[in-house]
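Just below is one structure, and these are the notes that go with it.
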Amino acid sequence: MDISKATPGEEIPGFYELPRALYPAGGPRHLGTEAVNPDGLAATYLVMADGKPLARAARYRADRLDWEGRRVALVGYYECVERQDVAEALLAAVEEDARADGADYLVGPMNGSTWDDYRFSTSHDFPNFLLEPYHHLYYIQQFQDAGFGVISRYTSNIDTELACDWPQVFDKEREFADNGVRIRPIDTARLADELEALHPFIDETFSGNFLYSPIPKSRFVEKYRAAAPIIDTDFVLIAEDADRRPVGFVFSYPDAYNRRGGSLIIKTLARASGKRFAGLGHVLANRVIRVARQRGYRSVVHAFIIERGDATLVSGNFAGRPYKEYVLLGKPL
């Protein structure tokens, strides 16, 4: 068993091919292309035996991540055969290099930042929805057997009632309108300009999130422009104050994987801080759920909600009930 390592700009043959060998043809991991996030990348790793790739990972420096004074490194793009000896050899190599690089805590899976795929699903009881990461469930056990523990839990909640338009939500909507807040669909003809204006608002709003690190404006624009093909302007809304500054944002999209009945995924829901904008998240969610109901959707998924986060309250108020769970793991070095 050999472990190859590559620095940024280099590529290890077999790194991108491994997932196709580990998952059945026609499944989620055979759709689309893959590229490793370059921001903060320290090294990529590939475990080989008898000429066959067995496992891979990427290690990231997290210099801009502030978490209780810890010097954090990240492990992402993790894939492995169902062999604990292989998993432990790979993770040990990542840990050794992270420690030598000055880190004292390793977090994973995280593909560079919370802007990229992170967390492990705890079950496959329900089909994947669009943009939900897919992986083998035994990965959690491989991490735990290597000394990792759960540091955060998340849920995706599903609402099959699509109840909306309560009087108190309309009251808040009128109150915001009276104070100059305008809610409008994103302008896809000016998508880059829209995203550049949204970037500082999103960065500030998310800055207090667990393990959040800032993202450069150019990459923020690039990530959301890549999502342009799935944007339905009924479901991507911007709230602006009287000075046309963003104070709220909801990014939701139809689940193209759900062929039995329409499902809408609410991926991002944000509002400006302070009492002045309390309730704006409910107003934005109400708008998209109303349209989903009018258009015959049968469910709304509130995706990737951290336990005890503000979005948990919004989701619960709209009849969201947990149906998928995820974990993020960490290990002292």
Side-chain angles (χ1 to χ4, degrees), residues 114-115 131 157 159 162-210 212 214-215 217 220-221 223-225 227-228 230-254 264-294 300-306 309-320:
T114 55
W115 287 98
L131 302 187
N157 294 352
D159 168 17
L162 276 66
C164 58
D165 290 347
W166 295 284
Q168 56 268 40
V169 177
F170 280 134
D171 289 343
K172 289 300 296 185
E173 190 165 5
R174 283 191 291 270
E175 180 183 326
F176 286 125
D178 290 344
N179 285 291
V181 174
R182 180 179 70 136
I183 299 172
R184 63 173 178 83
I186 196 166
D187 185 352
T188 53
R190 302 177 47 257
L191 187 56
D193 293 337
E194 294 272 58
L195 295 172
E196 287 190 8
L198 277 168
H199 174 262
F201 160 71
I202 294 292
D203 189 44
E204 179 181 357
T205 303
F206 288 173
S207 61
N209 287 5
F210 182 59
Y212 175 80
I215 185 173
K217 181 185 290 186
F220 173 82
V221 172
K223 285 184 70 67
Y224 272 95
R225 286 188 72 177
I230 67 171
I231 289 178
D232 181 323
T233 54
D234 281 343
F235 301 128
V236 183
L237 307 178
I238 300 171
E240 297 173 323
D241 66 12
D243 296 321
R244 302 291 299 275
R245 294 174 300 198
V247 293
F249 179 60
V250 59
F251 176 75
S252 49
Y253 55 89
L264 183 75
I265 312 300
I266 299 181
K267 177 71 163 56
T268 302
L269 180 63
R271 63 137 175 117
S273 60
K275 291 184 178 180
R276 177 185 172 193
F277 299 106
L280 184 55
H282 284 79
V283 170
L284 290 169
N286 190 74
R287 284 254 186 135
V288 298
I289 292 170
R290 177 198 305 150
V291 175
R293 182 172 184 144
Q294 291 170 347
V300 173
V301 172
H302 308 256
F304 310 125
I305 301 170
I306 190 169
D310 290 343
T312 304
L313 176 62
V314 176
S315 179
N317 287 344
F318 284 97

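Here, residue 1 is the first one in the sequence, and each next residue gets the next number.
The two residues L198 and P246 make their nearest non-hydrogen contact at CD2-CB, 3.9 Å. When all heavy atoms of I230 and P254 are compared, the closest pair comes out as O-CD, 3.9 Å. Among all heavy-atom pairs drawn from V236 and S252, the shortest one is CG2-O, 3.6 Å. The shortest non-hydrogen separation linking G248 to L280 is CA-CD2, 4.0 Å. Looking at every heavy atom in both residues, T233 comes nearest to P185 through O-CB, 3.2 Å. Of all non-hydrogen atoms in T205 and R271, the two that sit nearest each other are CG2-O, 3.4 Å.
With hydrogens and angles disregarded, no donor-acceptor distance shorter than 3.5 Å links the side chain of K267 to the backbone of F304. Between the side chain of N286 and the backbone N or O of D165, at least one donor-acceptor pair lies under 3.5 Å. The closest donor-acceptor contact from the side chain of D241 to the backbone of D243 lies under 3.5 Å. Between the side chain of R293 and the main chain of L162, a donor-acceptor pair closer than 3.5 Å is present. A donor-acceptor pair under 3.5 Å is formed between the side chain of S207 and the backbone N or O of E204. In this structure, T114 contributes its side chain and Y212 its backbone to no donor-acceptor pair below 3.5 Å.
Going from atom CD of Q294 over to atom CD1 of I289 covers 12.5 Å, rounded to the nearest 0.5 Å. From F210, atom CZ reaches atom CD1 of I306 across 6.0 Å, with rounding to the nearest 0.5 Å. Here the CZ atom belonging to R244 is positioned 6.0 Å from the CZ atom belonging to R184, to the nearest 0.5 angstrom. Atom CD1 of residue I238 and atom CG of residue L284 lie 10.5 Å apart, to the nearest 0.5 angstrom.
Looking only at side-chain heavy atoms (C-beta outward), K217 and V221 come within less than 4.5 Å of each other. The closest side-chain heavy-atom distance from L131 to I265 is not below 4.5 Å. When side chains are defined from C-beta on, I215 counts as touching H199, because their heavy atoms get closer than 4.5 Å. For the pair V181 and F277, the minimum side-chain heavy-atom distance is below 4.5 Å.
Residue R225 forms a side-chain contact (heavy atoms from CB on, under 4.5 Å) with just one option from I231, L195, T188, and that option is L195.
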Verdict with supporting geometry, D171 and R174, side chain to side chain contact (heavy atoms under 4.5 Å, CB included): CA-CA 5 Å; D171 289 343; R174 283 191 291 270; 2.5 Å; yes

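The aromatic rings of F249 and F251 sit parallel, their planes meeting at an angle under 30°, below the 60° perpendicular limit. In this pair, W115 and F206 present their aromatic rings tilted. The plane angle is within the 30 to 60° band.
In this structure, K172 forms a cation-pi arrangement with F176, its terminal cationic atom sitting closer than 6.0 Å to the ring centre and no more than 45° off the ring axis.
Counted within 6.0 Å of CD on E196, heavy atoms from surrounding residues, nucleotides or ligands total more than 12; the atom is thus considered enclosed.
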